[in-house]
Amino acid sequence: MHCDNEQQLTPIQRILMVVDMIPEGKVTTYGQVADLAGLPKRARLVSKALKSSPPSRNTPWHRVINSQGKISLPKDSHGYRTQIELLRCENIEVNQGKVRLSDYKWQPCIATLVMDLPF
DNA sequence: ACTAAGGCAACGG
DNA sequence: ACCGTTGCCTTAG
């Protein structure tokens with residue numbers, strides 16, 4: 001018996017599991033993370049989850065942007081600059097705080113997700 | 001590109 | 001427990 005108790009993960013835990021799966025060099029949106037986590041219409045919860053995730057967890061929070069391809073942080077904030085830097089470190093182009101989703105959006109294989117996520 | 005409105009949960013009294 | 005406010009992603013215009 002290995003891990004039956006994973007049936008009742010909290011929404012935030014599920015969100016972070018999805019974020020963990022975003023490959024390096026790719027981005028996705030808050031809304032898609034929520035959808036993949038089985039939480040439609042809860043994009044806002046995704047930002048809460050990312051905010052509450054301790055740095056020691058190494059969650060790739062910077063790979064989550066909004067549906068316009070823009071960074072959802074105040075332009076004058078430290079987080080804004082950090083996110084751009086992290087994205088560029090993995091060869092993602094950022095212009096005017098914006099990423100071309102048509103070039104960099106993660107297109108997950110559903111079959112893979114089903115196998116890797118316990119829900 | 002920008003604004004408005006919809007949606008939804010956390011928060012405060 | 002109830003309800004208005006707040007915050008903010010998404011969609012529509």
Between atom [atom1] of [X] and atom [atom2] of [Y], what is the distance when rounded to the nearest 0.5 Å?
X: A:Ile92; Y: A:Ile84; atom1: CD1; atom2: CD1; value: 12.0 Å
X: A:His78; Y: A:Leu73; atom1: NE2; atom2: CG; value: 11.0 Å
X: A:Arg14; Y: A:Arg42; atom1: CZ; atom2: CZ; value: 9.0 Å

Whole angstrom is fine here: how far is it from [atom1] in [X] over to [atom2] in [N]?
X: A:Asn66; N: B:dT3; atom1: CG; atom2: C1'; answer: 15 Å
X: A:Ile65; N: C:dT10; atom1: CD1; atom2: P; answer: 10 Å
X: A:Leu45; N: C:dG7; atom1: CG; atom2: C1'; answer: 13 Å
X: A:Asn95; N: B:dA1; atom1: CG; atom2: C1'; answer: 16 Å
X: A:Leu101; N: C:dT11; atom1: CG; atom2: P; answer: 11 Å
X: A:Arg44; N: C:dT6; atom1: CZ; atom2: C1'; answer: 8 Å
X: A:Ile12; N: B:dA9; atom1: CD1; atom2: C1'; answer: 11 Å
X: A:Leu50; N: C:dG7; atom1: CG; atom2: P; answer: 19 Å

Give me each pair satisfying salt bridge (charged side-chain N to carboxylate O under 4.0 Å, His left out) with a member in residues 61-73 of chain A, each pair once, sequence neighbours excluded.
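Passing the test, one end in residues 61-73 of chain A: A:Arg63-A:Glu90.
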Taking only Lys NZ, Arg NE, NH1 and NH2, and the carboxylate oxygens of Asp or Glu, determine whether A:Arg57 and A:Asp20 approach each other closer than 4.0 Å.
yes
Indicate, with a heavy-atom threshold strictly under 4.0 Å, whether A:Lys98 touches base, sugar-phosphate, or nothing.
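Result for A:Lys98 = sugar-phosphate.
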Among the candidates [options], find the nucleotide nearest to the side-chain atoms of [X].
X: A:Ser67; options: C:dT10, B:dA10, C:dC9; answer: C:dT10
X: A:Lys48; options: C:dC8, B:dA10, C:dT10; answer: B:dA10
X: A:Gln68; options: C:dT11, C:dG7, B:dC8; answer: C:dT11

Within the structure, does a side-chain N or O atom of A:Arg42 lie under 4.0 Å from either OP1 or OP2 of B:dA9?
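For B:dA9, OP1 or OP2 has a side-chain N or O of A:Arg42 closer than 4.0 Å.
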Are any of A:Thr29's side-chain N or O atoms less than 4.0 Å away from OP1 or OP2 of C:dT10?
yes
